[in-house]
Novice: 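Handing you this structure, nothing more for now.
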Protein chains: 2
Amino acid sequence: MAGIRAQQKEKTRRALIQAALNQLCPESSFSSLSLREVSREAGIAPTSFYRHFQNMDELGLTLVDEGGLALRQLLRQSRQRIAKGGSIIEISVHTFMDYVTHNKNIFRLMLQEQAGTTKDFRLAIAREIDHFKQELTDYLKAERNIPAELARAQSDAIVRVVFSAGADSLDLQAEDRARLTAQTILQVRMVARGANSMLPPNLSEPNVS
Amino acid sequence: MAGIRAQQKEKTRRALIQAALNQLCPESSFSSLSLREVSREAGIAPTSFYRHFQNMDELGLTLVDEGGLALRQLLRQSRQRIAKGGSIIEISVHTFMDYVTHNKNIFRLMLQEQAGTTKDFRLAIAREIDHFKQELTDYLKAERNIPAELARAQSDAIVRVVFSAGADSLDLQAEDRARLTAQTILQVRMVARGANSMLPPNLSEPNVS
DNA sequence: AAATTCAGCGTACACTTGTTAGCTGAAATG
DNA sequence: CATTTCAGCTAACAAGTGTACGCTGAATTT
């Protein structure tokens, strides 16, 4: 029942995924990868590629799904750390930046295909970002008693700032990245404070940071 | 002195630029355009392309420069409208959104190549965004008496939010775009208020909107 | 043990691509 | 008017692409 065959198939499937990931660097985007190159790096014939994916897009969507999942898991873990005390803003931003730093290729892929050419990609990535946004909105409503519409606008703004900063961080060295992270935290606090100041006064809380 | 020859050359140069612009749609990115396709649409032989640009990248950089220039001019005009009274935030965001709506292809190009594969592109686009950011920073320092570092962080956040919203607006119909624009204005006000609340109290002004 | 499945292979085809080399004829220059 | 310049052309090339077809042999099923 181990399935020697299925096992081997899964192995070369991973090889394809890994090959694609390896070829994603600042100098070549996913959409510029060719089926043949990826197959070559994975060590199989070009035609065998089709045993695993219908085309390159399907491979790409797999990468997006896996990358998004990993990010969501990380943020879930970080929320547990918050329960034990600590600033939600600070920890979340750091978690996000760490993810970007250690998954540059996947994050770059997401950035590129977010504005890219294939509708399925754009939708898949929009969905990932929406998850992020939705969880933040829920948090703001539940833990901070912020009314729905304001919470939506606030988390939308925060996600925009953080993702955009993540994009810029790709090209930075550790030191500059730390500076950028610090600035991002400050900016998220701006948004939070600004949003708070728009609450009906009886709802507002003393401090958000 | 009219220069019949130079005149004709300029004309086909514009034809090339226009051809490239025409082929930029949601379904095909600039980096996927081929020199041959563009030349074909412009009505010249592929080899004649080289009489005008060294390669496609050079054409692309021209597009970025022209697009960025147009945007900056628009914003300069809108700042004059502000001098006559009106909310700087509201007018600027509307101006920006209008630009995006009427120059979708160029804006899409900028989004794509911002995270793209060619360093020159990334730098050129970063420079355009920096202009935007710098002018906003100067405004905040001069007109609002906000200290340098805070002004930088604030305008950085605002630019991130606005550009990101502009990206999302590309796919929307007029009605949804209006909603997004309204939300963006709200978000920019959040940032402005939040930043204001971080001022040393003797500097703070009563109202930013 | 026989029959079936199927991941991976080699061959082949029709395209598209960027770029070189050299020609042409009208515009510009003297 | 003679000469030079040069935008645009045709032809040709080597290189790369996605994909259809049919074969093989080991793993699986019957």
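Below, all heavy atoms of this structure are taken into account, side chains as well, without hydrogens, waters or symmetry copies. So that the names make sense, note that chain A is the first sequence line, chain B the second, and so on, each numbered from 1.
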Novice: When the distance from CZ of Phe49(B) to C1' of dT19(C) is rounded to whole Å, what number comes out?
Specialist: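 The answer, rounded to whole Å, is 12 Å.
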Novice: Given Asn105(B), which of Leu63(B), Leu24(B), Leu170(B) fulfils the side chain to side chain contact (heavy atoms under 4.5 Å, CB included) condition?
Specialist: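 Only match with Asn105(B) under side chain to side chain contact (heavy atoms under 4.5 Å, CB included): Leu24(B).
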Novice: Taking the side chain of Tyr50(A) as heavy atoms from C-beta outward, which of dC9(D), dG18(D), dA7(D) is closest to it?
Specialist: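 For the Tyr50(A) side chain, the nearest candidate turns out to be dG18(D).
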Novice: Between the base of dG18(C) and the side chain of Arg36(B), is there a donor-acceptor distance below 3.5 Å?
Specialist: yes
Novice: In terms of relative ring orientation, are Phe96(A) and Phe132(A) parallel, tilted or perpendicular, with 30° and 60° separating the classes?
Specialist: tilted
Novice: Rounded off to whole Å, could you give me the NZ-to-P distance for the Lys11(B) and dA27(C) pair?
Specialist: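 Result: 13 Å.
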Novice: Looking at Glu135(B) and Arg76(B), is there a salt bridge between them, counting it only when a charged N and a carboxylate O are closer than 4.0 Å?
Specialist: yes
Novice: Report the residues that fulfil salt bridge (charged side-chain N to carboxylate O under 4.0 Å, His left out) with Glu37(B), sequence neighbours left out, ordered by chain and then residue number.
Specialist: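 Testing Glu37(B) for salt bridge (charged side-chain N to carboxylate O under 4.0 Å, His left out), a comparison that skips the adjacent residues, returns none.
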Novice: At under 4.0 Å between heavy atoms, what does Arg40(B) touch on the DNA or RNA strands: base, sugar-phosphate, or nothing?
Specialist: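 It contacts sugar-phosphate atoms only.
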Novice: Verify salt bridge (charged side-chain N to carboxylate O under 4.0 Å, His left out) between Glu27(B) and Lys119(A), making sure each step is shown before the conclusion.
Specialist: CA-CA 8 Å; Glu27(B) 287 76 32; Lys119(A) 190 159 198 173; over 6 Å; no
Novice: Testing the basics here: between Thr184(B) and Ala165(B), what is the closest heavy-atom pair and its distance to 0.1 Å?
Specialist: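 Taking Thr184(B) first and Ala165(B) second, the nearest heavy atoms are OG1-CB, 3.4 Å.
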Novice: Nearest whole angstrom, please: distance from the C1' of dA7(D) to the CD of Gln7(B).
Specialist: 15 Å
Novice: When you measure from every atom of DNA chain D, which of residues 51-61 of chain B have a heavy atom less than 4.0 Å away?
Specialist: Arg51(B), His52(B)
Novice: Under a 4.0 Å threshold between the charged nitrogen and the carboxylate oxygen, would Asp156(A) count as salt-bridged to Arg152(A)?
Specialist: no
Novice: Taking the minimum atom-to-atom distance to the side chain of Arg5(B), which one of dT28(D), dA28(C), dT17(C) wins?
Specialist: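 For Arg5(B), the side-chain atoms sit closest to dA28(C).
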Novice: To the nearest Å, give me how far apart CD1 (Ile44(B)) and C1' (dC9(D)) are.
Specialist: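 Spelled out: CD1 on Ile44(B) to C1' on dC9(D) is 11 Å.
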Novice: Identify whether any heavy atom of Thr47(B) sits under 4.0 Å from a base atom; if not, whether one sits that close to sugar-phosphate; answer base, sugar-phosphate or nothing.
Specialist: base
Novice: Regarding Arg189(A) and Glu90(A), does a basic nitrogen lie under 4.0 Å from an acidic carboxylate oxygen?
Specialist: yes
Novice: Rounded to whole Å, how long is the line connecting atom CD of Glu10(B) with atom P of dC6(D)?
Specialist: 16 Å
Novice: Between Asp176(B) and Arg179(B), is a salt bridge (charged side-chain N to carboxylate O under 4.0 Å, His left out) present by the stated rule, with each step listed?
Specialist: CA-CA 5 Å; Asp176(B) 286 332; Arg179(B) 248 193 296 281; 2.7 Å; yes
Novice: I need the residues from residues 18-35 of chain A with at least one non-hydrogen atom less than 4.0 Å from DNA chain D; give them sorted by number, or say none.
Specialist: Ser34(A), Leu35(A)
Novice: Between atom NZ in Lys9(A) and atom C1' in dT5(C), what is the gap in whole Å?
Specialist: 11 Å
Novice: I want to verify a distance call: between dG8(D), dA27(D), dC9(C), whose nearest atom is closest to the Gln8(B) side chain?
Specialist: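 Nearest nucleotide to the side chain: dG8(D).
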